[in-house]
Amino acid sequence: MTAGLVASSRCVRTAPQHGRRCLPLRQRARHTRVTMAATPPRPGDVFHVTSQDGLPSWLEIRPAPKKVAKGSGFVGGSSSSSSSSSSSSAVDGVVSGLKVKVTLDDAGQPAHMTPTGKADDLPANLLRRAAERWCELTKGSDNPEAFADMVRSAATPARRSASGAKGKGIQLASATRTATLKTLLEDVGENAAPWRDGDTAAATRANVSDDGDDNVDVAGAVQQAGELAALLAGQRGLCIVQLWAAARPDEAWTHNPLVVRLLRMADKDDGVDAVLSIATRSGEPQAISLIVHATSPVGFTSRAEALTVMGAQAAMVPDSPKDKATIGRLLGYPCEAVREHIVHTHNQSWDDSDADQVEAKLAELGDVELPWRQEAPRLFAKV
């Protein structure tokens with residue numbers, strides 16, 4: 001077996017990545033701040049937007065839909081943008097499961113959003129299998145569509161703003177450009193460590209916006225998406241995506257268009273699968289996550305199943321240090337990052353005997369190693 005992530009070893013080792021040095025997103029934002037602030041939104045750009053009533057959302061700019069010119073007589077005839085006369089002052093986008101028309105201000109930045117319909121971007125196959133598992137586990141629900149509706153309902157901030165505006169749309173108080181999927185995939189391809197190795201690499205993730213607004217956590221925009229991208233590139237074996245949480249419904253990752261697009265890639269990837277993890281209290285579901293994992297070697301599948309038994313969630317941290325360590329190591333984080341998380345972030349004790357017990361449990365689940373695939377999937381090239 002080549003050097004890689006081995007279940008029985010305490011510290012994770014990964015094969016070195018080659019290529020040019022990655023410029024961290026923090027530095028990239030600072031170097032391009034003036035240029036990006038002056039650049040009008042382009043298809044693929046993702047913004048963190050806040051409505052005037054204080055509700056945050058993620059907005060992705062989409063290409064304007066094409067329509068066949070009248071009188072062309074055939075589908076392949078000349079086409080024109082649906083926003084022909086207003087193309088310079090409005091663009092199309094998607095936010096929280098809604099298609100929107102985005103009006104730009106005098107500086108060419110998003111200022112107002114008007115919902116124009118639903119954008120059902122959630123991955124159909126993954127969602128269907130998750131719904132079937134949900135019905136099986138809850139023992140009383142035989143309606144998979146009810147589960148899908150619950151997941152979609154998590155994308156609520158923009159929906160509440162839209163309904164509260166009584167058809168007038170959503171006036172934005174702020175709009176901060178974060179990252180595009182293309183640049184994120186480039187960063188992951190050059191150096192996946194920030195999205196693979198946990199807290200020890202946190203300093204390399206972006207935490208300032210491109211326009212200097214330090215109140216917007218850009219790392220939050222790209223962390224979960226970057227972990228999914230690292231998984232698809234073969235540099236991670238598993239990751240957790242929060243679908244719904246009763247206590248924090250607005251924090252589900254179905255809000256984030258970067259995450260949704262990568263889930264759709266995973267949905268089409270034969271080397272990737274997913275299982276449902278449900279956390280309950282007094283028999284009632286409190287949170288639902290999707291454990292996305294590589295299917296080969298089988299050790300990744302075993303780890304995903306172990307996470308579901310624990311009811312592991314992205315939005316919920318267990319009280320027990322041992323449970324924290326077990327979940328972290330099942331997800332492939334290095335032992336140093338796990339120790340840092342327990343001792344310094346949560347101020348709990350952790351020693352070698354505790355670590356040995358966790359590593360023994362991992363050893364029973366089979367060996368795994370990274371990278372589990374040598375090349376990023378072809379889908380990356382289409383972004």
Side-chain angles (χ1 to χ4, degrees), residues 3-17 188 191-205 207 219-220 222-231 233-242 253 275 277 279 287 289-294 297 299-372:
L5 173 60
V6 181
S8 58
S9 65
R10 179 167 301 168
C11 294
V12 174
R13 294 180 297 149
T14 53
Q17 289 181 287
V188 171
N191 179 16
W195 297 279
R196 182 192 61 215
D197 295 341
D199 292 345
T200 55
T204 68
R205 289 197 290 259
N207 58 14
V222 299
Q223 179 178 353
Q224 178 72 80
E227 290 176 358
L228 273 170
L231 169 63
Q235 295 295 331
R236 279 185 72 114
L238 308 93
C239 62
I240 302 182
V241 179
Q242 196 72 44
W253 280 105
V275 291
S277 181
S289 284
L290 205 59
I291 312 295
V292 188
H293 64 92
F300 288 129
T301 301
S302 300
R303 283 159 173 72
E305 292 171 350
L307 286 166
T308 66
V309 171
M310 297 183 69
Q313 303 293 315
M316 299 172 64
V317 179
D319 294 330
S320 162
K322 186 175 181 180
D323 286 346
K324 288 185 179 74
T326 301
I327 291 174
R329 293 294 287 127
L330 286 170
L331 288 169
Y333 292 116
C335 59
E336 294 89 346
V338 170
R339 180 183 295 275
E340 176 78 13
H341 183 69
I342 294 171
V343 175
H344 296 288
T345 304
H346 292 279
N347 197 29
Q348 294 176 307
S349 61
W350 188 246
D351 56 36
D352 288 344
S353 62
D354 297 322
D356 288 341
Q357 294 178 34
V358 173
E359 297 306 320
K361 180 174 182 177
L362 262 67
E364 297 173 358
L365 299 176
D367 290 346
V368 293
E369 64 177 84
L370 295 176
W372 62 267

side-chain contact (heavy atoms from CB on, under 4.5 Å) evaluation trace for Leu330 with Leu362: CA-CA 7 Å; Leu330 286 170; Leu362 262 67; 4.1 Å; yes
Asp354 with Arg339: basic N within carboxylate O range, under 4.0 Å: no
Which heavy atom of Ala279 sits nearest to which heavy atom of Gly311, and what is that distance? CB-O, 3.8 Å
State whether the side chain of Gln313 and the backbone N or O of Ser289 hold a donor-acceptor pair below 3.5 Å, judged by distance alone. yes
Would you please name every residue forming a side chain to side chain donor-acceptor pair (under 3.5 Å) with Asp319, sequence neighbours left out? none
Drop me the distance from Lys361's NZ to Glu364's CD, to the nearest 0.5 angstrom. 8.5 Å
Counting N and O atoms only, with roles assigned by atom type, does the side chain of Arg236 sit under 3.5 Å from a partner on the main chain of Gly332, one being a donor and the other an acceptor? no
Could you state the interatomic distance from CZ (Arg303) to CD1 (Ile291), rounded to the nearest 0.5 Å? 14.0 Å
Roughly how far, to the nearest 0.5 Å, is CG of Leu331 from CZ of Phe300? 11.5 Å
List the atom of Ala287, the atom of Met316, and the distance in Å for their closest heavy-atom pair. CB-SD, 3.4 Å
Check whether any side-chain heavy atom of Leu307 lies under 4.5 Å from a side-chain heavy atom of Ile327, and answer yes or no. yes
Check side chain to side chain contact (heavy atoms under 4.5 Å, CB included) between Ser349 and all other residues, then give those that pass, not counting sequence neighbours. none
Please report the interatomic distance CH2(Trp372) to CD(Gln235), rounded to the nearest 0.5 Å. 10.5 Å
Can you tell me how far CG of Leu365 sits from CZ of Arg329, rounded to the nearest 0.5 angstrom? 11.5 Å
Smallest heavy-atom separation, Pro318 atom then Lys324 atom, equals O-NZ, 2.7 Å
If the condition is side chain to side chain donor-acceptor pair (under 3.5 Å), which residues does Lys322 pass it with, not counting sequence neighbours? Gln357
Restricting to non-hydrogen atoms, name the atom on Val188 and the atom on Gly226 that form the minimum distance, rounded to 0.1 Å. CG2-O, 4.0 Å
Distance from His293 atom NE2 to Ile240 atom CD1, nearest 0.5 Å? 12.0 Å
Could you pull out the closest heavy-atom pair between Ala325 and Ile342, with the gap in Å? CB-CD1, 3.7 Å
